[in-house]
Amino acid sequence: MPVRVRYAPSPTGSPHVGNLRTAIYNWLLVRKLGGQFIARLEDTDRTPGRYMPEGIWDIEESLRYLGTIPDEWWVSGGTSGPYIQSERLPLYKEYADRLVSSGHAYRCYCSRERLEAMRQEQQSKGIPTGYDRCCRTDVGREEMRIKRLSELGHEPPFVIRLAMPLEGQTVVHDLVKGDIVYDNRTQDDQVLLKTDGFPTYFLACAVDDHLMGVTHVIRGDDWLSSAAKFVAVINAFGWDPPALVHPPLILGPDRKKLSKRHGSTQFTEFVDQGYLPEALLNFLVLLGWSAGDENRELFTLPELIERFSLEGISEHPAIFDYDKLKWMNGMYIRQSPPGRIVGLCIQQLQKYKLIGDPPSESELDLARKLIPLEIERMKVLSEIVPMAEPFFTELKFPDGYEEKAVAKWLTVEYIKPLLQREIEIFSGLSVWDPSTLEDSVRSLADEMELKFAGVIHPTRVAVTGRTVGPGLFDAIWALGRETTLQRLNSVLEAL
RNA sequence: GGGGAUAUCGUCUAGAGGUUAGGACGAGGGAUUUUCAGUCCUUAAGCCGGGGUUCGAUUCCCCGUAUCCCUACCA
């Protein structure tokens, strides 16, 4: 039997990395075992502020960026569409009615106010919260309907609730955690169809998973505690539940569900900062899954497909380690063809207005020289911006020079003759390349009877205004003769 | 309040009765060197507690504790 899995995001904004991780697990399972990866848009919550259609594009982009493109989804269609739940409303109504007819669900006329008051009271009394099932009986329901009818002056709206079995147990078979038994008496009569005609998660998912032939449901662990209700709905229809898999949650450093206050959580934020898709994917996969006793952490996509299995999913939550992600991204940056990194960094420079959009020829020339020199220093692409700053902005001593750098290296007693000689030497060079520059400065050090380091450091500060950066001669070479001389002169004159 | 899940270095994890408890990030030290970074070498750091089961428990069972999740006409 082919595996069919689904990723079911809600359009509430740019996807959370935790959601993306489940998408990746789904995708990997299908690539590994064969079958179809479905994406289905769960847009049944129309509450203003929670329904954000703009988020749909981010969802699509994130999947494309990671390379985990669904086999069937609303973008390309498929045999089980539509893949947007708001386009399947008649279906949910039909199936909800079916449950009502079979006695597995019932209409509930209770007002939100009544429900809210009930919950308040239960909480204040310290007793378990939940619906009191007053509409579950024909008598109670009719009473409530009449009451609401007289209040409203028209036929009152109703929801459809699941008639949860009053006794017995519901067993959830989780492939990672094993069988979990829930006492039905602790389960509420879940609302399945809302007054606005939209289904809740439980109905929509049960119906869609069944109709779409979903064999494995992989979703976050936050769904585990309500899994009994989910399975109860499926049981009520008389269907076989799909295999369930609940990968552990991703937590922030304070051990709470990862959220904005911990730092970036949304996919687009990571992309903006310059995380590479393969790094993001590799890192996310490893949060909650392990290849076993293999002592590695860097895997290519084919390697992950080869190794992926549900058994490797861990059972305990994982804390999102931003430092490790950075490290991994740096590894991938250094493994990438430099040309690719150059291109991506140029985009960053454009975004932060260090170069024009489009960039001029000379800007491009400098960027192509400089960026490869900075690659080994980068962990995220956006770091190129501060690194490139002294190269793309006009430095006029002492403006733009780091104070501490100046204090330390431009105060040496031989600074003036040193800069003077460098200006002379650099002006006369017939070839402008790193090794020629290095040779010339080495002989200057000999000539002035100075240690090489004693020449290097003041020069670096005079030319770039910083103490850190690429190898000095690479930097000077990239910067070009004109700018280098200009800066040396400006320092010499001002001292 | 009710229900569920989980528990190995600070963090991500390997381990599936007998191991010097392994790897990675981060931290410390060293080497390279032209600064930073990178690279290489290296050090410290862990089985939540208590009962069982067993010749023997990090590992299996129970209890406790802690943490997280659910408890909405949100997903």
Side-chain angles (χ1 to χ4, degrees), chain A residues 8-12 19 42-45 47 50-51 108 110-112 115-116 119 122-131 157-161 172 174 177 180-183 185-188 190-196 198-202 204-205 219-229 246 248-249 251 253 255-257 283 286-298 314-328 330 334 374-379 387 405 409 438 441 452-453 455-457 459-461 464 466-475:
Chain A
S10 300
T12 50
N19 285 101
E42 312 248 318
D43 59 343
T44 58
D45 185 359
T47 315
R50 276 208 292 260
Y51 175 58
C108 167
C110 291
S111 67
R112 289 169 194 263
L115 263 16
E116 180 54 32
R119 188 178 312 119
Q122 289 164 337
Q123 277 170 353
S124 67
K125 282 184 177 170
I127 58 176
T129 54
Y131 180 51
F158 58 86
V159 300
I160 291 180
R161 282 183 186 271
V172 172
D174 186 285
K177 304 212 160 130
I180 300 157
V181 181
Y182 295 81
D183 191 326
R185 281 168 296 201
T186 64
Q187 303 296 312
D188 207 357
Q190 179 65 41
V191 170
L192 300 178
L193 202 64
K194 302 181 259 187
T195 46
D196 63 1
F198 281 82
T200 61
Y201 177 88
F202 297 89
C205 264
R219 34 109 90 163
D221 193 48
D222 42 351
W223 290 105
L224 187 61
S225 25
S226 60
K229 290 193 282 193
H246 293 96
L249 250 26
L251 273 26
R255 302 193 164 274
K256 299 266 191 281
K257 219 171 166 178
F283 178 74
L286 257 29
L287 272 187
W289 176 83
S290 157
D293 55 10
E294 206 171 352
N295 284 334
R296 285 176 63 180
E297 50 289 313
L298 260 26
S314 59
E315 301 167 48
H316 51 271
I319 293 173
F320 195 96
D321 185 348
Y322 288 91
D323 280 341
K324 190 158 184 176
L325 204 215
K326 270 195 173 182
W327 164 78
M328 195 173 277
R334 270 166 262 122
E374 302 281 17
I375 283 179
E376 62 185 14
R377 242 168 302 268
M378 273 190 274
K379 289 205 163 67
M387 288 172 179
W409 291 111
E438 176 163 359
V441 172
F452 192 46
V455 175
I456 289 276
H457 299 309
T459 307
R460 184 196 312 283
V461 175
T464 69
R466 314 282 128 109
T467 53
V468 303
L472 178 62
F473 306 106
D474 287 327

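Note that these values count all heavy atoms, side chains included, but never hydrogens, waters or copies made by symmetry.
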Check your understanding: Are OP1 or OP2 of B/U13 and a side-chain N or O of A/S314 less than 4.0 angstrom apart?
Key -> yes
Point to revise | Touch class at under 4.0 angstrom, heavy-atom based, for A/T47 against every strand present | key: nothing
Review point. Regarding A/K229 and A/Q190, is there a side-chain donor-to-acceptor distance under 3.5 Å anywhere?
Key: yes
Review point. Any donor-acceptor pair under 3.5 Å between the side chain of A/T467 and the base of B/C36?
Key: no
**Study point:** Shortest non-hydrogen separation from A/Y182 to A/V172 and the atoms involved
**Key:** CE1-CG2, 3.7 Å
Study note, to complete from the structure: Against the side chain of A/Y182, the closest entry in B/C74, B/G3, B/A37 is B/G3
Exercise for review: Can you check whether any acceptor in the base of B/A24 is under 3.5 Å from a donor in the side chain of A/K324, or vice versa?
Suggested key: yes
Review point. So, is A/T44 near the phosphate of B/A75, with a side-chain N or O under 4.0 Å from OP1 or OP2?
Key: yes
Point to revise | Test: A/D221 and A/K177 ion pair at under 4.0 Å | key: yes
Check your understanding: Among B/G10, B/G38, B/U34, which is the nearest nucleotide to the side chain of A/F473?
Key -> B/U34
Exercise for review: With P as the reference atom in both, quote the distance from B/G2 to B/U11 in angstrom, rounded to an integer.
Suggested key: 30 Å
Review point. Within the pair A/K256 and B/C68, is there a side-chain N or O less than 4.0 Å away from OP1 or OP2?
Key: yes
Check your understanding: Given that both distances must come in under 3.5 Å, which nucleotide forms a Watson-Crick or G-U wobble pair with B/A27?
Key -> B/U43
Exercise for review: On the 0 to 90° scale, with breaks at 30° and 60°, tag the A/F320-A/F283 ring pair as parallel, tilted or perpendicular.
Suggested key: perpendicular
**Study point:** Length of the line joining A/H246:NE2 and B/C70:C1', which is rounded to integer Å
**Key:** 11 Å
Check your understanding: Where the side chain of A/T129 is defined as all heavy atoms beyond and including C-beta, which of B/A72, B/U34, B/C70 is the nearest nucleotide?
Key -> B/A72
**Study point:** Watson-Crick or G-U wobble mate for B/G1, both contacts under 3.5 Å
**Key:** B/U71
Review point. Counting just side-chain N and O atoms, does A/R112 come under 4.0 Å of either OP1 or OP2 of B/A72?
Key: no
Practice item. Could you let me know what B/C48 is paired to, Watson-Crick or G-U wobble, both distances under 3.5 Å, or none if it's on its own? Key: B/G64
Practice item. Nearest whole angstrom, please: distance from the C1' of B/C12 to the CE of A/M328. Key: 9 Å
Revision key, fill the gap. In Watson-Crick or G-U wobble terms, with both distances under 3.5 Å, the base opposite B/C55 is B/G18
Study note, to complete from the structure: Of B/A75, B/G3, B/G38, the nucleotide closest to the side chain of A/S226 is B/A75
Practice item. Would you mind telling me which of B/U34, B/G1, B/U6 lies closest to the side-chain atoms of A/H316? Key: B/U6
Review point. Any Lys/Arg nitrogen of A/D183 or A/R185 sitting under 4.0 Å from an Asp/Glu carboxylate oxygen of the other?
Key: yes
Check your understanding: Is there a donor and acceptor pair, one atom on the side chain of A/R377 and one on the base of B/C36, closer than 3.5 Å?
Key -> yes
Review point. Rounding to a whole Å, what distance do you find between A/K326:NZ and B/A37:P?
Key: 14 Å
Check your understanding: Below 4.0 angstrom from OP1 or OP2 of B/C36, is there any side-chain N or O of A/R460?
Key -> no
Review point. Does the side chain of A/K194 get closer than 4.0 angstrom to OP1 or OP2 of B/A75 through an N or O atom?
Key: yes
Practice item. Select from A/I319 and A/N295 the residue whose nearest nucleotide in RNA chain B is closer to the 5' end of that strand. Key: A/I319
Point to revise | Parallel, tilted or perpendicular, as decided by the 30° and 60° cut-offs, for the rings of A/W223 and A/F202 | key: perpendicular
Review point. What's the closest nucleotide to the A/R334 side chain, out of B/U39, B/C73, B/A75?
Key: B/U39
Check your understanding: Could one point to a donor on the side chain of A/R119 or the base of B/U71 with an acceptor on the other under 3.5 Å away?
Key -> no
**Study point:** Nearest atoms (heavy-atom pairs only) where A/D43 meets A/F198
**Key:** O-CE2, 4.2 Å
Check your understanding: Looking only at atom C1', what distance separates B/C47 and B/G22, rounded to whole Å?
Key -> 13 Å
